[in-house]
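Here is the structure we will look at.
One-based numbering, in listed order, for ligands and for the atoms of each. Along the sequence shown, residues carry numbers from 1.
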Amino acid sequence: MEYFKGIGKIKYEGKNSDNPFAFKYYDPEKIIAGKSLKEHFKFAVAYWHSFCGQGADPFGVGTQEFPWDAAKDPLQAAKNKADAAFEFLTKIGFEYFCFHDFDLIAEGQTLSESEKRVEKISDYIKEKQKETEKKLLWGTANCFTNPRYMNGAATNPDFKVVARAGAQVKIALDTTIKLGGENYVFWGGREGYISLLNTDMGRELDHMARFLTMARDYARSQGFKGTFFIEPKPMEPSKHQYDFDAATSIGFLKKYGLEDDFKLNIEVNHATLALHTFEHELAVAGCENMLGSIDANRGDYQNGWDTDQFPNNIQEVAVAMLVFLKYGGLQGGGVNFDAKLRRNSTDLEDLFHAHIGGADTFARGLIVADKILNDSNFSSTINKRYSSFDSGDGKKFENGNLSIEDLFQIAKNSKNIEKISGKTEFLENIINNYI
Ligand code: XLS
Ligand code: NI
Ligand code: NI
C-alpha cells in the first residue's frame with residue numbers, strides 16, 4: 001500500500017525552482033570542505049515524531065489520524081507503520097532513521113511479550129532495510145513514557161525499576177546491533193528529580209554511571225563497534241535533569257571514566273532550554289573532541305518550551321556550521337530531525353515540506369559557513385585577536401614556560417595596555433553578507 005500518494009522521489013532542483021516538493025539547497029552530492037553534503041549530514045528521520053506522534057498536547061488529544069495506525073493487531077499496525085516509514089525515507093531520499101524500542105511497536109503487557117514484539121518487528125524492519133538500503137543512525141530505549149519510570153529509570157530509587165530499565169536497554173541494544181545501528185543514544189528524560197527534598201543526588205549519579213557502564217560492556221561484548229551518545233537536556237519532563245548541558249555531561253562522563261566510548265548528541269532546542277545557543281553546545285562538545293551527533297530542530301524564542309519545530313533559521317544554523325566545520329564535523333553520528341509538525345499541520349504531505357525545509361536549512365547553513373571561512377576576513381580577524389600568543393612571552397605562556405612571578409615582571413615592564421576592539425558587529429555583518 002502507498003501511504004504518501006501523489007508524491008514522488010524528492011530531487012534537488014536548485015534555488016530557482018518553485019517546486020515545493022524539491023530541495024533548493026540540499027544537493028546530496030555537492031562537495032563542501034572535502035565531503036559531500038550527504039556524508040557531512042547523514043540526515044535521519046525520527047520514527048517517534050514522524051510516524052508515531054499524533055499531536056497531543058496537555059490541552060488536547062492528537063489531531064493526526066495516521067492510516068498506518070488503523071489495524072487492530074499490534075504487529076500488523078507496526079508493520080504498516082514500518083511500510084510508511086520506509087516509503088517516506090525512500091521518497092525523501094535520506095539514508096538513515098532513528099528509533100526508540102516502542103516507536104517500532106506498542107509495548108506489551110509483560111517484559112517477555114514486549115521482547116517478542118520487538119523481535120518480530122525488527123525482523124520485518126531488517127528486511128525493509130535490505131530492500132531499500134536504509135541505515136540505522138541510532139537506536140534507543142524509551143525509559144520515560146511508562147508510569148513505572150515516573151521516578152526515573154537508571155536513577156530510580158527502587159532497584160526493581162532499575163533492573164527493568166536494564167532489561168529494556170538490553171533489548172534495545174540487541175535490536176540496534178541486529179539492524180546495523182551505527183550508534184546508540186541515552187537521553188535521560190526522567191534521570192533527574194522533581195524535588196531535591198526526596199532525592200539523594202550523589203547516589204543517583206553513581207547509579208546512572210554504573211548503568212551506562214554495564215550497557216557499554218554488554219554492547220561491546222556483543223560486538224557493537226559504534227559510539228554511545230549522551231543527549232543533554234536541562235529539564236522537561238524532570239524539573240532538573242542530570243545531563244543538564246554539554247559541559248555537565250562531559251564532566252559526568254570523565255568523572256566515571258566513560259569518555260572513550262561516549263560522545264554527545266547535541267539537540268538545538270535542548271541548548272536553548274539550557275539558556276545556551278546551539279553553537280555554544282557544539283563548541284563545548286567540539287573542544288573536548290566529543291561532538292558526536294545532532295538532533296536538529298528549533299525552539300520557540302518567545303515561550304521557551306521544547307517545541308521541537310523543524311529547523312528553518314538559516315542564521316542560527318549558519319553560525320552553528322562554523323563551529324561544525326571548525327571541529328571537523330560529527331564523530332560517528334549525523335543530523336537527525338528530532339522535530340515534529342505543528343499540531344495543526346494535518347496533511348500527510350506536510351511531513352515532506354518539514355523535512356525538505358530542514359535539509360535545505362542545514363545545507364544552506366553549511367555552504368554559507370564554508371564560504372565565510374574560505375572567502376572572508378572572518379578567520380583572520382579571530383586569529384589576529386589571539387596573535388599576542390603566537391610568539392614571544394604569549395607563546396611561552398601557552399607552552400607552560402612562565403610563572404606567575406614572570407607575569408608580574410612582564411606587567412611591570414610593559415607600558416599602557418591599549419584597547420583592542422572585539423569587532424563583534426563587523427563579524428555579524430560578515431555572516432549576514434554571506435547568507
Ligand atoms: C526529547 C529527546 C528525545 C531523544 C531520544 O526531548 O529529544 O527525543 O532524542 O530519546
Ligand atoms: Ni532528541
Ligand atoms: Ni527534544
Side-chain angles (χ1 to χ4, degrees), residues 42-58 96-104 107 136-146 149 152-155 165 168-169 171-173 175-176 181-192 208 211-212 215 227-246 249 262-276 278 281-282 285 291-301 303-311 330 333-342 354 358:
K42 293 172 43 179
F43 283 135
V45 176
Y47 222 88
W48 53 104
H49 283 309
S50 291
F51 312 113
C52 307
Q54 296 166 340
D57 72 10
Y96 288 89
F97 66 106
C98 300
F99 68 81
H100 301 84
D101 43 5
F102 302 132
D103 300 336
L104 301 181
E107 185 172 7
L136 176 58
L137 187 64
W138 49 261
T140 188
N142 178 335
C143 293
F144 45 88
T145 296
N146 190 294
Y149 297 123
T155 62
Q168 219 183 299
V169 167
I171 298 168
L173 284 166
T175 310
T176 300
E182 296 182 13
N183 307 279
Y184 187 89
V185 162
F186 289 93
W187 168 63
R190 296 190 198 272
E191 311 294 22
M208 187 157 89
F211 189 96
L212 295 175
T227 307
F228 299 92
F229 298 138
I230 297 284
E231 183 178 323
K233 185 177 184 181
M235 65 190 89
E236 228 200 86
S238 302
K239 172 217 156 48
H240 178 94
Q241 192 171 310
Y242 293 139
D243 304 321
F244 192 93
D245 59 2
S249 303
F262 284 75
K263 298 196 187 307
L264 301 186
N265 179 29
I266 301 296
E267 179 162 324
V268 188
N269 205 163
H270 297 180
T272 46
L273 281 180
L275 303 184
H276 298 310
F278 179 31
E281 288 295 83
L282 293 179
L291 179 52
S293 206
I294 288 175
D295 266 9
N297 57 24
R298 158 177 63 111
D300 182 301
Y301 301 102
N303 68 17
W305 303 330
D306 191 19
T307 53
D308 288 347
Q309 295 164 81
F310 273 83
L330 303 173
V335 174
N336 166 48
F337 289 103
D338 191 355
K340 61 188 176 204
L341 295 174
R342 295 306 84 197

Scan the side chains in residues 45-53 for donor-acceptor partners under 3.5 Å anywhere in the protein, sequence neighbours excluded, and list what turns up.
residue: Trp48; atom: NE1; partner: Asp338; partner atom: OD1; Å: 3.0
residue: His49; atom: NE2; partner: Asp308; partner atom: OD2; Å: 3.4
residue: His49; atom: NE2; partner: Asp338; partner atom: OD1; Å: 2.8

Backbone or side-chain N or O of Trp187 under 3.5 Å from ligand 1 N or O
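No, no N or O pair falls under 3.5 Å.
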
What protein N/O/S atoms sit under 2.8 Å from the Ni ion (ligand 2), by chain and number?
Glu231 OE2, Glu267 OE1, Asp295 OD2, Asp338 OD2

Per ring pair (Phe, Tyr, Trp, His ring centres under 6.0 Å), Phe262 is matched among Phe229, Phe228, Tyr184 by Phe228

Which bit of [X] is near ligand 1, meaning a heavy atom under 4.0 Å away: side chain, backbone, both or neither?
X      : result
Asp306 : side chain
Glu236 : neither
Asp295 : side chain

Looking at [atom], what's its closest protein heavy atom, distance included?
atom                   : value
atom 8 (O) of ligand 1 : Asp338 OD2, 3.0 Å
atom 5 (C) of ligand 1 : His100 NE2, 3.2 Å
atom 6 (O) of ligand 1 : Lys233 NZ, 2.9 Å

Under the rule for ring-ring contact (aromatic ring centres under 6.0 Å, His included), what residues qualify as partners of Phe337, not counting sequence neighbours?
Phe43, Phe94, His355

For the residue pair Cys98 and Ala44, what are the closest heavy atoms and their distance?
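Heavy-atom minimum between the residues: SG-CB, 3.9 Å.
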
Which atom of Ser238 lies closest to which atom of Gly189, heavy atoms considered
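Closest heavy-atom pair between Ser238 and Gly189: OG-O, 3.0 Å.
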
Does Ala165 have any side-chain contact (heavy atoms from CB on, under 4.5 Å) partners at least two apart in sequence or in another chain, and if so, which?
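Scan of Ala165 (side-chain contact (heavy atoms from CB on, under 4.5 Å), adjacent residues dropped) gives Cys143, Tyr149, Ala153, Phe211.
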
Given His49, His270, Glu231, which has its nearest heavy atom closest to atom 4 (C) of ligand 1?
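Residue with the shortest heavy-atom distance to the ligand atom: Glu231.
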
